[in-house]
Engineer: 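The structure's right below; bear with me while I get my questions together.
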Amino acid sequence: MGGKARTVFQNLALAAFPLLALNAAAQAGDQAWLQYRPSTMPPNIPTRVVRLGDSQVEKSAAAELVRGLQGLYGKGEEDAKADRHSIVLGTFAEFHKRYAGWKAFGGEPEMYPEVIWEANAPLDRRHQPMKNNFGRAEDAFAIAHDTGLGTQTIFVEAPTDRGVLYGTFALLRMLASGEKPPQKGFRDHPALPIRWVDDWDNPDGSIERGYAGRSIFFEGGNVRTDLAPVGEYARLLASVGINGCNLNNVNAAPHLLDSDHLKQLARVADAMRPWGVRLAMSVAIASPQTIGGLSTFDPLDPDVKAWWAAKVAEIYTLIPDFAGFTVKADSEGQPGPASYGRTPADAANLLAAALEKHGGVVLYRAFVYNHHADWNDPKADRARAAYDIFHPIEGAFAPNVIVQTKEGPIDFQAREPASPLFAGLQHTSQAMEVQITQEYTGQQRHLVYLAPMWKQVLDFDMRADVKPSPVKEILAGRTFHRPLGGMVGVSGIGRDSWLGSPLALANLYAFGRLAWNPDISPEEIAAGWVRQTISTDPQVVSTVVKMLIQSWPAYENYTGPLGMQTLTDITGSHYGPNIESSENNGWGQWHRADHQGVGMDRTVATGTGYAGQYAPEVAKMYESLATTPDNLLLFFHHVPYTYKLHTGKTVIQYIYDSHYEGAAQAAQFVKDWSTLKGRVDDRLYADVLARLEYQAGHAIVWRDAIVQYFLRLSGIADDQGRAGHYPGRLEAEDARLTGYRVIDITPWEDASGGKAVSCDKEACSAEWIYSGPAGRFDLAVQYFDLQGGTAQFTLKVNGQQIATWFADATLPSKRPDGDNSTRRIARGIELKPGDTLRIEGIPDNADPAALDYIEITGAARSPGFAEY
Ligand code: GCW
């Protein structure tokens, strides 16, 4: 805070950002959706809990149920002796033992056809779990109202204790959402066997692409002493059916495999085990050389094989239920089998062989590409890489290898088509990797509910073999009859209230729900999350669900519409606008905008040929301009700015319109949320409001950057007259400056007119004379909130202080640009012609109190207020 005394805001509309004092208490699942707020008890809900088994997982289930019942209804207890009027939890075997003649689900014969679940068969004919213990049957459950014991008895029954836990959470989810469990009972099983989160945590406690503080797992090179948050994290994961957690960065630190660190990792596994979450880890394929002392890491070398076999055996002595390895190799500087002319299958199978007898699996990432691609080569295309590399070796992978492919062919952009590899691996189990942490989608500072994006890919029909083959069916193993498969979510969980932003937690929740059942709609998931997390008040539910559902389209609108991808700083923060950063380098996130047109030609006929990687019907759709959906037009085609979309609108006009629309949607979120004042928890209200106000301001930064960039590049005017015209805006570089000097902003589009002012004195000021009409206005101040210092700004009208605040947000970039351009609004300020508007800036360390403009909005929208 720069050691400065804080002045109280004079204008309450300028609320402090961020308001993050919420996590003073220990980090717990209660801060997410496991809140169990007091609620009216539906009839016939027993509050006594009977646990038939003694496993850790069943104990967790019973304890959670008691906790939930107590929170919801004020009473709940475990009672081993009770039978009637209770909720009985147990595995099938335990039910058989306790109740003579017991039949699962009341003996109803019908079971899920795809689940081998012979609960009512004699014990010796019952389904044996798969060796690796990943299967849909293992995690299934049934909830039955037992009529034999009286209507008030509920059975939560499952083949395994993990199923009992999932059944318990399903019951609690209903109760906490204000729904009564159906009297006829229900049963469920996951669609996908592998439902993992990947945490990209580094041993030093930092988190790759994490936006919620430091690691809950590591600090200072070691596993943390306090693993209570890890247990709570596992509880959260289990509550939505997630069964694996890969705890470290895929850019893996090799020393985590040394004996000392493996013992430490065993503590993490211990903390998660009571919740049925199995630990996995990322490994560097070069480990036999880097830490094993071998001269090679060639996957076909016998010493290398022996090294991995011994290492894996050591892991299993410490972590008997270890889930497996995740591998990033030959990618972004990570060494890989290519160093020896070997394939990804050689590397994956090496690890798979070591893990197989212990029941472990390998998640081998298809994110393998050359990041030194030649920008001048019109045929070069990063999007092609996964398919080009993995399709030819399909069938070569061991059965316990799962190829893990990002949802789209590039890298978690605002919109991408589904990866063609999903249909390109018919003899290999596959997992789809998505990002819960919002790397390219606003880094949790922007509200972006990602379930609709994931759902769209899950539902996308790949038309493999000219048959219906939606991605979700491929992942479930149904399309190509694969035993394993699933979804992996890169989580980014940290110590700062899990994901930093309260509403961002909807994404973690939705990830688990979709991995369990990809058929649930994003709306339904959102509604369930809101009911459990915020309120069951219908107005709150409908308002927040509406905001969540509109948030991805809004973000896409003001960042990168038409399949241009997120037009952000590709080589740096991946946050604010920086359009040319994607071009002219080897990273391959190109959109090839020039004076005439924009877009990557990925057709077979004239482009990179990427479209041809899809099955014929899909390839045909993307090959043709006429059938490519507008929202992916520029991903597949390079077109002139005047090209007409299916709606008849030109591409350039769509770029302008969508950015204005997106910024307006972001502004609407503030209004929507404001209607909930008094209906939601006050602290939550203030926290979310401050975040949404920030987002609305940053959406304007995005809008203006992209609009003015394409206006200059294309030379085509906005037919609505908005682009390049900012009535009510008073540029800092046009003000009467004292101390401030005019600077160029890089990239130029990140500041209004490409310029701003920066202070290298003790204090500086910028002054304008207001020349618009008299009235009441909102006054927006656009400034740059830099890291490494806490500058202070004061807004005065006629010498009278209106507001003063500190630029103390934590935003990327150390120089003034679109990453840290921030807006503050003072509302309802009286102005009359001739008034002096003044901003005073006091720099602090590396923060030069840089200022872009002020903007007067409200009644006055006519240009020409300013005289300086
Ligand atoms: O999107 C990129 C990220 C990297 C990440 C990489 C990957 C772990 O910017 O931070 O590295 O993807 O997925 O391997």
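As the structure lists them, so they are numbered: ligands from 1, and atoms in each ligand from 1.
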Engineer: Assign the ring pair Tyr558 / Tyr555 to parallel, tilted or perpendicular, where the plane angle (0 to 90°) is split at 30° and 60°.
Structural biologist: perpendicular
Engineer: Parallel, tilted or perpendicular: which fits the ring planes of Tyr440 and His574, with parallel below 30° and perpendicular above 60°?
Structural biologist: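 Plane angle under 30°, so parallel.
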Engineer: For atom 9 (O) of ligand 1, what's the nearest protein heavy-atom neighbour? Residue, atom name and distance, please.
Structural biologist: Glu439 OE2, 2.5 Å
Engineer: Identify the closest protein heavy atom to atom 6 (C) of ligand 1: which residue and atom is it, and at what distance?
Structural biologist: Glu332 OE1, 3.2 Å
Engineer: Check the orientation of Phe397 and Tyr364. Use parallel for under 30°, tilted for 30 to 60°, and perpendicular for over 60°.
Structural biologist: tilted
Engineer: Quick one: look up the protein heavy atom nearest atom 12 (O) of ligand 1 and list residue, atom name and how far away it is.
Structural biologist: Lys406 NZ, 3.1 Å
Engineer: With a 4.0 Å cut-off on heavy atoms, does His574 reach ligand 1?
Structural biologist: yes
Engineer: Quick one: does NZ or CZ of Arg224 land under 6.0 Å from the six-membered ring centre of Phe218, within 45 degrees of the ring axis?
Structural biologist: no
Engineer: Would you say Phe367 contacts ligand 1, with heavy atoms under 4.0 Å as the rule?
Structural biologist: yes
Engineer: Does Arg592 count as lying over the ring of Trp375, i.e. NZ or CZ under 6.0 Å from the six-ring centre, within 45 degrees of the axis?
Structural biologist: yes
Engineer: Only heavy atoms of Val250, strictly under 4.0 Å: list the atoms of ligand 1 that pass.
Structural biologist: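 Matching atoms, with element in brackets: 8 (C), 14 (O).
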Engineer: Taking the minimum heavy-atom distance to atom 13 (O) of ligand 1, which of Arg365, Glu208, Glu433, Lys328 ranks first?
Structural biologist: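 Considering heavy atoms of Arg365, Glu208, Glu433, Lys328, the nearest to atom 13 (O) of ligand 1 sits in Arg365.
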Engineer: Is there a nitrogen or oxygen of Asn249 sitting under 3.5 Å from a nitrogen or oxygen of ligand 1?
Structural biologist: no
Engineer: To which protein heavy atom is atom 2 (C) of ligand 1 closest, and what is the distance rounded to 0.1 Å?
Structural biologist: Asp411 OD2, 3.1 Å
Engineer: Answer yes or no for Gln334: is there a heavy-atom contact with ligand 1 below 4.0 Å?
Structural biologist: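 Not so, Gln334 does not reach ligand 1.
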Engineer: Is the ring pair His698/Tyr694 parallel, tilted or perpendicular, if the boundaries are 30 and 60 degrees?
Structural biologist: parallel
Engineer: Heavy-atom distances under 4.0 Å decide this one: backbone, side chain, both or neither, for Trp200 against ligand 1?
Structural biologist: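 Side chain only.
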Engineer: For Phe412 and Trp200, take the angle between the two ring planes, folded into 0 to 90°, and tell me which bin it lands in: parallel under 30, tilted 30 to 60, perpendicular over 60.
Structural biologist: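 Ring orientation of Phe412 relative to Trp200: tilted.
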Engineer: Using side chain to side chain contact (heavy atoms under 4.5 Å, CB included), reason through Glu580 and Asn585 one step at a time and then give a plain yes or no.
Structural biologist: CA-CA 10 Å; Glu580 282 171 16; Asn585 60 39; over 6 Å; no
Engineer: Under 4.0 Å from a heavy atom of Arg209: give me the atoms of ligand 1 that qualify, with their elements.
Structural biologist: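 In order of number, 3 (C), 4 (C), 9 (O), 10 (O).
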Engineer: Backbone, side chain, both or neither: what part of Val490 comes under 4.0 angstrom of ligand 1, heavy atoms only?
Structural biologist: neither
Engineer: Test salt bridge (charged side-chain N to carboxylate O under 4.0 Å, His left out) on Arg495 and Glu219 and set out the steps.
Structural biologist: CA-CA 12 Å; Arg495 276 183 245 167; Glu219 196 55 79; 2.5 Å; yes
